Amino acid sequence: MEKILVLDFGGQYNQLIARKVRSNSVYAEIVPYTGISVEEIKERRYSGIIMTGGPNSVYQDGSPRCDLSLLECGVPILGICYGAQLLAYLAGGAVNAKMESAEYGKTRIFTEKCALFQEMPEESICWMSHTDQVTDLPIGFRTIAKTDHCFHAAFCDEKRKLYGVQFHPEVNHTVYGEKILSNFLFHICGCSGDWLVKDYADLIISHYREELAGKKVLLGLSGGVDSSVAALLLNQAIGENLLCVFVDHGLLRKGEADFVEETFRRTFGLNLVRVNAQERFFKRLSGITDPERKRKIIGEEFIRVFEETAKHIGTLDALAQGTIYPDVIESGKGDSAVIKSHHNVGGLPENIGFKEIIEPLRDLFKDEVRIIGSKLGLPAELVWRQPFPGPGLAVRIIGEVTPEKVEIIQQADAVFREEVERSGFQILPDQFFAVLTDIKSVGVKGDARAYGYVVALRAVSTDDFMTAEWTKLPYEVLERASTRITNEIHGISRVVYDISSKPPATVEWE
Ligand code: XMP
């Protein structure tokens, strides 16, 4: 199988690079620069290598390096930002910090004719983020792009197929970034592009079949697409040795718990245990109003329930989770700031009682997970199900969570979803739900004063949930939902529609 090595020097966008390569139907794997030798690189027969960016300066002692012989192993290389500087430095060029010529953000770039920049105009916009830059090219290299402040914004040694770009082709702000990456893959590395995301399923299955041979694994199944796909993958890898635990924390949508149990036990024949833990979750959430505390408590309680369930079962070796890549970023792993502690990542307590955590989908984005889900036979209804947060309705009830509030919001949410789904709206929002605000407001019902909760309706359209736009639902749909919610559900006096996008708001209210 043809594949690209993404040699990781600690940059922020490494997953994005791998993802952009994969979206060209070429498999890419990320390996830290310390994790592979030049010998292994040769043995694994990569079609090309992408050396990533990173926060260091190549001329400092102890900065991440790779062996000079990498440049001689005959595999085409594309160095990006730090990767480009390292490439030039190893080959005998010079790199300097030039504060006056640092560039951040959108920058005009002028490119020359070469394999990397074919089928793009001479002038375009790229995304820069650097202080250091290559000041002298190594022998055998030529400059193929410059900006107003960076004389060697891209360079190459065509004979050895070594290319370096100071800018970031992997981010969308680089207008011809995708073209540049596909030029590298198809015109420089000679890839054919016959890999499909769904093939990744086979790779994951065979990887875990080997790694988990003879081990017993516990998986927290929520019924969302991520944990469902993780369950089906691991089920194919280790069968009976996978035990799925479905925790009903009492914070699920109306009718959901029974649906999940039915689907996975009956349709897929998974080894499934349902734990009814509603009471203990409500008890722990009693009096708690801070969103992060709620998230942490729920994440922790989940693990405790797993641990206790596991104790009844006997020895278990690992805990599996359906974490996907955006969960990892938004929970502040690596260099990113903590936005929210998604309970399946940041909410994990330190002292979890499992030796190992398995996250088969950790490198994937949602759309990739869905493709794999379809390949594994997950029904469309589940594959295209809107995401539902691990902490459930607790983050859609502002303030303290009580069973009564859960019941109110479950009903309002069911009405809203029903109205949106039957609206005939061409493209459904990617996520739509109701939120119980902590505000009560005065209304009038049947000549009498009513004093009930304000419910907010939220609908967003998005590709990857990292950014999202509020959906312009037709007024008629909103009107029907509002009328039904205030008429049919006791305890609600008013309905409002959330018209905030992400950023600055987030999708969930907490
Ligand atoms: P936010 O609110 O962060 O949501 O803009 C982005 C997407 O993530 C979902 N979400 C979660 N998913 N555990 C999850 O598995 C969580 O703790 C969590 N919090 C938010 C949210 O529903 C949206 O799809």
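Quick caveat, the model's predicted, so the values are computed rather than measured. Order of listing sets the numbers, starting from 1, for every ligand and every atom in it.
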Stepwise, does the side-chain hydrogen bond (donor to acceptor under 3.5 Å, both in side chains) test hold for S182 with Y176?
CA-CA 10 Å; S182 76; Y176 286 89; over 6 Å; no
Quick check: V507 and ligand 1, any N/O pair under 3.5 Å apart?
yes
Does F388, backbone or side chain, put an N or O under 3.5 Å from an N or O of ligand 1?
no
Can you give each donor-acceptor pair under 3.5 Å made by side-chain atoms of residues 238-250, sequence neighbours left out, with the distance rounded to 0.1 Å?
residue: N241; atom: OD1; partner: K216; partner atom: NZ; Å: 3.4
residue: D248; atom: OD1; partner: G250; partner atom: N; Å: 2.9
residue: D248; atom: OD2; partner: R274; partner atom: NH2; Å: 3.3
residue: D248; atom: OD2; partner: Q278; partner atom: NE2; Å: 3.1
residue: H249; atom: ND1; partner: L251; partner atom: N; Å: 3.1
residue: H249; atom: NE2; partner: G390; partner atom: O; Å: 3.1

K405 with D438: basic N within carboxylate O range, under 4.0 Å:
yes
Contacting atoms of ligand 1, where contact means under 4.0 angstrom from a heavy atom of K502:
1 (P), 3 (O), 5 (O), 6 (C)
Sorted by first residue and then second, give each salt bridge (Lys or Arg N to Asp or Glu O under 4.0 Å) pair with at least one member in residues 386-404; sequence neighbours left out.
R396-E508
For ligand 1, which atoms sit closer than 4.0 Å to a heavy atom of R295?
16 (C), 17 (O), 18 (C), 19 (N), 20 (C)
Closest to atom 12 (N) of ligand 1 (judged by heavy-atom distance), picking from A505, P291, P391, P389
P389
Are there over 12 heavy-atom neighbours, none belonging to K311, within less than 6.0 Å of that residue's NZ?
no
Relative to the heavy atoms of P387, which atoms of ligand 1 are at a distance of less than 4.0 Å?
24 (O)
If I apply the N/O under 3.5 Å rule, does R396 come out as touching ligand 1?
no
Would you say E510 has any N or O atom under 3.5 Å from an N or O of ligand 1, going by distance alone?
no
Heavy-atom donor-acceptor pair, S501 side chain to W470 backbone, under 3.5 Å:
yes
